[in-house]
Amino acid sequence: MLEKIESAVKDFNAEINNVNSTETLEDIRVKFLGRKGLFAQLFEEFKALPKEEKPKYGQLLNKEKNNASAKFDEVKDEIESKSVSYDSYVDLTLPGVKRKIGNKHILIQTLDEIKVFFKGLGFAIYDGPELESDYNNFEALNFPEDHPARDMQDTFFVNDNFLLRTHTSPTQIRLMKTTKPPIRAIMPGKVYRNEAISAKSYCLFHQVEGLYIDTDVSFAELKSTLVSFAQYLFGADVKYRFRPSFFPFTEPSAEVDIWWEPKGKPGRWLEILGCGMVDPNVLDNVGIDSEKYVGYAFGMGVERMALRKYNIPDIRLFFDNDNRFLEQF
Amino acid sequence: MIISLNWLKDYINLDGITVEEIEDKLSTSGLEVEEITDYPKTLDGFVVGHVREKIKHPNADKLSLCKVFDGEEELSIVCGAPNVDGGQNIILAKVGAVVPNGGFEIKKAKIRGEKSFGMICSESELGISENHDGIMVLDPDLQPGTSAAKALGLDDVVFEIAVTPNRPDALSHIGVARDLSAVFGRPFNYPELKLDENKPASSEQVKISIEDTAGCSRYIGKVVRNVTIKESPEWMKKRLVAIGLRPRNNIVDISNYVLHEVGQPLHTFDLDKLAGSEIIVKQAGKDKKFVTLDSKERQLKADDLMICDGEKEVAIAGVMGGENSEVTESTKNILIEAAYFHPSYIRKTAKRLGLSSDASYRFERGCDPEITKWAADRTAALIAELGDGEISEGEVDIYPNKYQPKIVNLRYNRINKILGYEVEPARVKEILDYLGFKTESEYDDSLNIAIPSYRPDCEREIDLVEEVARINGFDLIPVKPKINVTLGVKVDESAYLDNIRTLLTGMGLNEIVTNSLLNSATAAKYGNPIGVLNPQSVEMSHMRPSMLPGMLSTISKNLKVKEKNLALFEMGSVFNQVGEGEIASFDDFSEIKELVIALTGNSVEHAWYTADDEYDFYHLKGIADELITKLFVDNQLADNYYSEGDDFYKYGFRKVFGEEVVCRGGLIENELTDSYDISQPVFVFTVNLTALKKIQPEEKSYTELLKFPKVYRDFAVVIEKNIDSGEIISDILASSSKLLKNIKLFDIFEGKSLGENKKSLAFRLEYYDNAATLTEDKVEKEFWKVIDKVKKKFNAQLRG
């Protein structure tokens with residue numbers, strides 16, 4: 001019995017002193033200290049010993065097993081501290097384990113900001129098709145056929161009756177045809193213009209249309225809403241002006257300029273949106289009584305807002321989708 | 001349109017008003033000033049210089065060395081223009097001057113070893129024309145040192161105004177002066193006409209008739225005899241140069257001048273070239289060719305409105321005159337045409353010919369039929385004054401549809417209702433009066449207003465409300481502290497897509513937005529695309545029938561800039577023609593929303609805590625499943641798998657709702673990725689969002705939390721390699737009682753020790769009883785039943 005114990009201790013020591021990885025350490029634990037390990041076997045044999053020999057071997061066996069356990073724990077600590085230790089020394093400067101969250105496209109983020117504002121004022125949000133009828137895109141919106149007003153929007157035509165919508169305004173027509181006033185909604189979406197691609201213009205862009213029809217809507221109501229919007233987007237002290245303009249589907253019509261001072265450059269007026277009171281012809285076209293109901297409408301370009309807000313020098317960057325660009329926002 | 005401040009002052013007194021105020025008022029009353037050029041300011045540092053001597057540059061063949069006197073001293077200047085010579089007066093940019101075209105500052109320089117103290121300028125460098133054929137040579141009588149602005153007649157400020165298409169009345173100096181008169185409350189005046197008329201009368205020298213009275217509702221002809229064609233005087237040249245026109249001869253200059261003065265396009269014929277001394281306004285009658293005065297041959301259509309003489313066409317009405325009747329140096333007698341042509345006739349022809357002239361631009365927006373006579377007289381008076389002509393008495397005035405002013409009722413309370421603030425009745429009248437809208441009759445609550453002939457845009461009450469609003473100024477419209485809010489359920493049709501965006505970005509994907517126009521070959525590969533008639537380029541001729549090509553080209557572009565690890569998505573509309581033939585209604589094509597997700601490269605890049613982890617099929621499946629789960633439609637979609645090619649996929653899966661394929665995902669075929677120069681695997685998942693949105697999501701509802709512990713049992717089996725784990729799982733689920741809540745495959749192992757074509761799968765079964773703590777016995781029984789079933793059905797061996 002004594003030989004067996006000594007041999008086990010000798011083997012254990014030989015193996016434990018050569019261990020250099022947590023895997024072999026586990027093997028040693030199983031081999032010697034596990035429930036069916038060598039020491040456990042020795043305890044089984046010990047049970048069968050004659051009564052008089054038990055005290056002698058019992059003490060020895062217990063002592064050696066405890067020594068082995070202690071030694072094992074010591075070596076285990078040592079080995080674990082050699083790899084990465086969370087106990088002994090913590091390198092707090094190591095970077096954290098990366099958890100990646102992706103980015104919405106910066107145009108969508110900008111659009112989200114716009115939506116948040118108008119949703120807060122009780123505007124619904126509607127979607128409309130990009131491939132539209134000439135009627136919805138122009139005629140119903142009071143663009144006479146063969147009128148120079150049509151030159152304001154270079155159009156991609158599919159044929160005489162269908163086109164790629166040049167603005168989100170046809171969604172107004174769809175909404176007014178299917179919904180009874182009061183109507184208060186914004187209508188975001190892609191629009192297309194047949195313009196050469198450059199740093200300043202692209203063949204498509206995103207627009208947000210706004211519409212409010214009720215019995216007591218006035219230009220003052222429109223102005224109050226849009227001034228509040230400009231303040232929301234560009235700060236409470238934004239300097240703005242409403243400048244008379246022309247859109248066939250609103251009258252009076254206005255463009256809203258904000259005073260813009262890019263770093264190191266002289267300030268100038270910058271147009272951010274177009275708006276106006278819905279032209280009675282448009283209401284008549286969709287069967288809304290233009291004497292009883294009054295409405296306002298507005299439209300703004302999302303790219304234009306984002307270019308300025310984020311100091312982006314070239315509109316094409318939005319549509320190139322270079323991952324390094326996407327990751328910036 | 002360009003407006004000269006000096007010129008404006010002929011019609012309205014603007015004393016005491018600054019340029020900035022004028023700019024501001026123009027812009028805020030509807031005539032947006034896009035740019036102001038203050039010539040004395042931009043030409044500061046440019047003076048008349050006298051070239052005293054020119055010698056060849058010692059070190060350069062094409063350069064010369066000039067001694068230039070600037071009025072004070074003689075400067076040494078290196079010049080590269082071949083036309084520079086001793087004795088010339090030129091425009092000298094002195095050191096410190098900023099060249100308008102290019103914006104660079106002139107500095108002292110050493111050019112090929114010779115010092116240079118300034119620059120001799122061309123017209124293009126000064127920004128006054130496109131002409132850069134050498135330097136500008138000036139009048140030899142000019143004093144050296146005179147400012148360039150003065151010498152060039154540019155001691156003026158010009159406004160570039162963007163006139164909206166509804167305001168043809170503002171396309172002239174008088175028109176702008178009229179608006180300023182209303183804005184500033186100052187009177188404006190037409191210039192005085194001095195007509196010294198002689199016999200014979202115009203009507204004795206020319207016969208005029210209109211055949212197409214719809215196309216031409218007024219035609220005035222007035223004759224001026226014995227003119228001398230010569231250069232215009234300086235004052236007129238200066239005016240024209242200031243607004244960007246190049247002076248030619250007195251006759252051309254005068255018609256340009258009157259057009260920009262009052263907005264009426266004019267044409268001048270050489271009367272002696274008109275066969276039969278006759279003018280007939282009629283349609284071309286048949287397709288034919290016609291040479292315009294720019295010597296270009298134009299293709300006419302039968303319904304183009306033409307000006308003809310007794311034999312032939314002599315001008316395209318309202319667009320451009322003909323070469324055959326043009327005024328030349330030898331012209332003696334002139335017929336002045338001042339007419340009103342119908343906008344749509346002119347627009348149609350000008351557009352088709354791609355010929356936009358100052359005349360057609362105005363006619364197609366709508367001219368003033370009542371100003372024609374004044375304009376003809378003004379032209380005649382100027383020709384008499386500047387071309388020594390004798391004005392023939394009267395004119396031939398054919399005016400079949402005389403202008404009848406429309407009377408519009410304007411209610412004060414309507415103004416207040418639309419604008420949201422009260423405008424005093426007296427102020428309403430005043431504004432309209434300044435703009436030339438006469439009050440026909442007046443009531444307590446409204447006015448009857450006569451619309452002037454120069455305002456074709458005004459025909460309804462709302463048009464007058466706009467006039468009042470813009471002249472009174474939008475500044476006066478109050479900003480209220482409160483607005484109305486309408487209560488009711490608010491639709492948000494963008495919420496569905498926005499939710500998907502949030503889910504996908506949460507899983508680490510970046511959103512892209514690509515061009516929805518593709519080239520025809522690419523588009524045709526992915527569907528039945530719809531083309532545009534007038535594409536910007538062949539690369540963008542068709543609407544995308546699928547989101548896939550935009551995604552693949554985005555990946556391709558990113559790989560070129562070494563962005564190789566990409567997790568991207570895009571949502572957008574895709575367009576497909578339904579059936580063949582012309583698109584005549586919305587039923588002939590589909591426009592649906594689609595989502596595309598793509599994964600390529602590494603999902604995780606190696607770091608101190610991990611090795612590289614490459615995107616594979618299971619990453620894609622994980623994202624797809626999580627998305628569908630979080631949309632609460634996972635129980636309604638069934639998964640189909642395929643390992644043979646399916647369109648663009650080498651292998652992959654579909655998610656189907658009943659019969660409809662709603663989602664597809666998998667590894668993109670090499671052939672396709674190769675065509676985009678993509679040399680790494682790309683995993684793509686596409687969703688028909690329009691179809692997905694229609695599936696009613698499971699209602700969210702509370703499930704009671706677990707009260708008793710779960711019990712787990714693990715087992716591993718060795719089976720044939722080609723048995724799918726999914727098959728085993730569904731089999732176990734089908735054959736177990738409801739105590740089995742979940743199965744997780746937690747290990748897969750293949751190795752020689754298992755034998756050829758074998759694999760080991762390890763599962764963890766999760767048991768739970770809602771009603772009570774599970775007993776060991778019950779679980780053991782369930783568990784061994786499962787194992788027996790699996791062993792038998794899949795010929796599996798239980799492992800260790």
Side-chain angles (χ1 to χ4, degrees), chain A residues 94 97-98 100-105 107-108 121-122 124-127 129-131 146 148-149 152 156-159 162 164 182 184 188 190 194 196 203-204 214 216 218-221 223-225 227 241-246 251-252 254 277 279-280 294 318-324 326-327, chain B residues 27-30 32 164-166 344 347-348 364-365 417-421 462 465-466 469-470 474 477-480 483 485-486 490-494 501 504-506 508-517 530 532-534 536 540 554 557-558 561 563 566 573 575 582-583 589 591 608-609:
Chain A
L94 279 174
V97 175
K98 175 94 181 143
K100 161 98 175 130
I101 293 180
N103 296 330
K104 291 186 191 179
H105 195 279
L107 289 174
I108 303 297
L121 294 188
I125 302 177
Y126 285 93
D127 192 24
E130 294 166 26
L131 214 164
D146 242 349
M152 293 165 79
F156 286 116
F157 291 97
V158 169
N159 57 35
F162 284 90
L164 308 191
R184 189 199 287 263
K190 274 200 187 88
N194 195 345
C203 55
L204 62 89
D214 208 337
D216 54 354
S218 69
F219 204 116
E221 177 96 5
K223 188 173 170 183
S224 308
T225 307
V227 166
R241 71 177 185 189
F242 281 64
R243 185 166 43 71
S245 189
F246 169 68
E251 184 158 21
M277 303 304 292
D279 194 290
V294 191
F318 291 129
F319 306 100
D320 281 348
N321 299 296
D322 187 315
N323 204 47
R324 295 166 299 177
L326 303 175
E327 296 272 340
Chain B
S27 287
T28 56
S29 64
E32 186 191 3
T164 51
N166 61 325
S344 65
R347 178 172 161 80
K348 190 185 62 199
E364 65 180 60
R365 278 161 176 73
K417 179 171 171 135
I418 299 283
L419 301 184
Y421 80 109
I462 192 71
V465 173
E466 177 172 62
R470 73 178 180 90
F474 286 180
I477 294 172
V479 174
K480 309 185 296 176
I483 59 157
V485 170
T486 318
K490 299 292 177 208
V491 175
D492 182 354
E493 293 187 340
S494 68
R501 284 189 174 95
L504 293 175
T505 51
L509 279 77
N510 286 335
E511 183 178 21
I512 62 171
V513 176
T514 65
N515 192 346
S516 18
L517 291 160
I530 298 162
V532 293
L533 289 177
N534 52 338
Q536 186 66 235
M540 306 191 316
T554 299
K557 276 188 282 180
N558 271 291
V561 295
E563 283 291 307
L566 302 166
S573 297
F575 309 83
E582 180 83 339
I583 289 174
F589 65 92
E591 176 174 345
W608 64 269
Y609 52 83

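Reminder, nothing fancy here: chain letters follow the sequence lines and each chain counts from 1.
Contacts of A:Pro182 with chain B are made by side-chain atoms alone, with heavy-atom separations under 4.5 Å and no backbone atom involved. For B:Arg347, the part lying under 4.5 angstrom from a heavy atom of chain A is the side chain only. Contact annotation for B:Gln536: both backbone and side-chain heavy atoms come within less than 4.5 Å of a heavy atom of chain A. Using a 4.5 Å cut-off between heavy atoms, B:Glu563 touches chain A through its side chain atoms alone. For chain A, the nearby part of B:Thr554 is the side chain; its heavy atoms alone come within less than 4.5 Å. If you measure heavy-atom distances from A:Leu131 to chain B, the contacts under 4.5 Å come from both the backbone and the side chain. Using a 4.5 Å cut-off between heavy atoms, B:Phe575 contacts chain A through its side chain alone, with no backbone atom that close. Only the side chain of B:Leu517 comes within contact range of chain A, with heavy atoms under 4.5 Å apart. Heavy atoms closer than 4.5 Å to chain A are found in both the backbone and the side chain of B:Asn510. Heavy-atom distances place the side chain of B:Lys557, and not its backbone, under 4.5 Å from chain A. Interface residue A:Val294: only side-chain heavy atoms are found under 4.5 Å from chain B. Contacts of B:Ile530 with chain A are made by side-chain atoms alone, with heavy-atom separations under 4.5 Å and no backbone atom involved.
The closest donor-acceptor contact from the side chain of A:Asn321 to the backbone of B:Asn558 lies at 3.5 Å or more, if one exists at all. A distance-only check finds a donor-acceptor pair linking the side chain of A:Asn159 to the backbone of B:Ile583 [under 3.5 Å]. Counting only distance, with no hydrogens or angles, the side chain of A:Lys223 and the backbone of B:Val479 share no donor-acceptor pair below 3.5 Å. Between the B:Glu511 side chain and the A:His105 main chain, a donor and an acceptor come within less than 3.5 Å of each other. Side-chain atoms of B:Tyr609 come within 3.5 Å of backbone N or O of A:Lys98 as a donor-acceptor pair. B:Glu32 places no side-chain N or O within donor-acceptor distance of the main-chain N or O of A:Ser245, the cut-off being under 3.5 Å.
Here the CD-CD1 distance, from A:Glu251 to B:Ile418, works out to 9.5 Å after rounding to the nearest 0.5 Å. If you take OG on B:Ser516 and CD on A:Glu130, they are separated by 5.5 Å, rounding to the nearest 0.5 Å. Atoms CZ and CZ, from A:Phe246 and B:Arg470 in turn, are 13.0 Å apart once rounded to the nearest 0.5 Å. To the nearest 0.5 Å, atom CD1 of residue B:Ile512 and atom CG of residue A:Asp322 are 11.5 Å apart. With rounding to the nearest 0.5 Å, the separation of CZ in A:Phe157 from CG in B:Leu533 is 8.5 Å. If you take CG on B:Asn534 and CG on A:Asn194, they are separated by 5.0 Å, rounding to the nearest 0.5 Å.
When all heavy atoms of A:Lys190 and B:Thr514 are compared, the pair lying nearest together is CE-O, 4.3 Å. Between B:Phe474 and A:Ala254, the closest heavy-atom pair is CE1-CB, 3.3 Å. For A:Ala220 against B:Pro478, the heavy-atom pair with the smallest separation is CB-O, 3.6 Å.
When each of A:Leu107, A:Asp127, A:Leu121 is checked for heavy-atom pairs under 4.5 Å with chain B, A:Asp127 comes out on top. For chain A, the option among B:Glu591, B:Lys348, B:Glu364, B:Lys490 with the highest count of heavy-atom pairs below 4.5 Å is B:Glu591. Among A:Glu221, A:Arg241, A:Met277, the residue with the largest count of heavy-atom pairs under 4.5 Å with chain B is A:Glu221. Note on B:Asn166, B:Leu509, B:Val532: by heavy-atom pairs under 4.5 Å with chain A, the leading option is B:Asn166. Note: A:Asp279 leads A:Asp214, A:Asp279, A:Val227 in heavy-atom pairs under 4.5 Å with chain B. Note on B:Thr164, B:Ile483, B:Val465: by heavy-atom pairs under 4.5 Å with chain A, the leading option is B:Ile483. Chain A forms more heavy-atom pairs under 4.5 Å with one residue of B:Gly506, B:Ser344, B:Ser494, B:Ala469 than with any other, namely B:Ser494. Chosen from A:Cys203, A:Ala196, A:Ser224, A:Pro188, the residue pairing most often with chain B at heavy-atom distances under 4.5 Å is A:Ser224. For the set A:Gly122, A:Ser218, A:Pro280, A:Pro148, the entry with the most heavy-atom pairs within less than 4.5 Å of chain B is A:Pro148.
Looking at heavy atoms from C-beta onward, B:Leu419 lies in side-chain contact with A:Pro252 at the 4.5 angstrom threshold.
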- Query: Hey, mind stepping through A:Phe242 and B:Ile477 against side chain to side chain contact (heavy atoms under 4.5 Å, CB included) and telling me if it holds?
  - Reply: CA-CA 10 Å; A:Phe242 281 64; B:Ile477 294 172; over 6 Å; no
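Using the six-membered ring where Trp is involved, B:Phe589 and A:Phe162 have ring planes that are perpendicular, over 60° apart on the 30 and 60° scheme.
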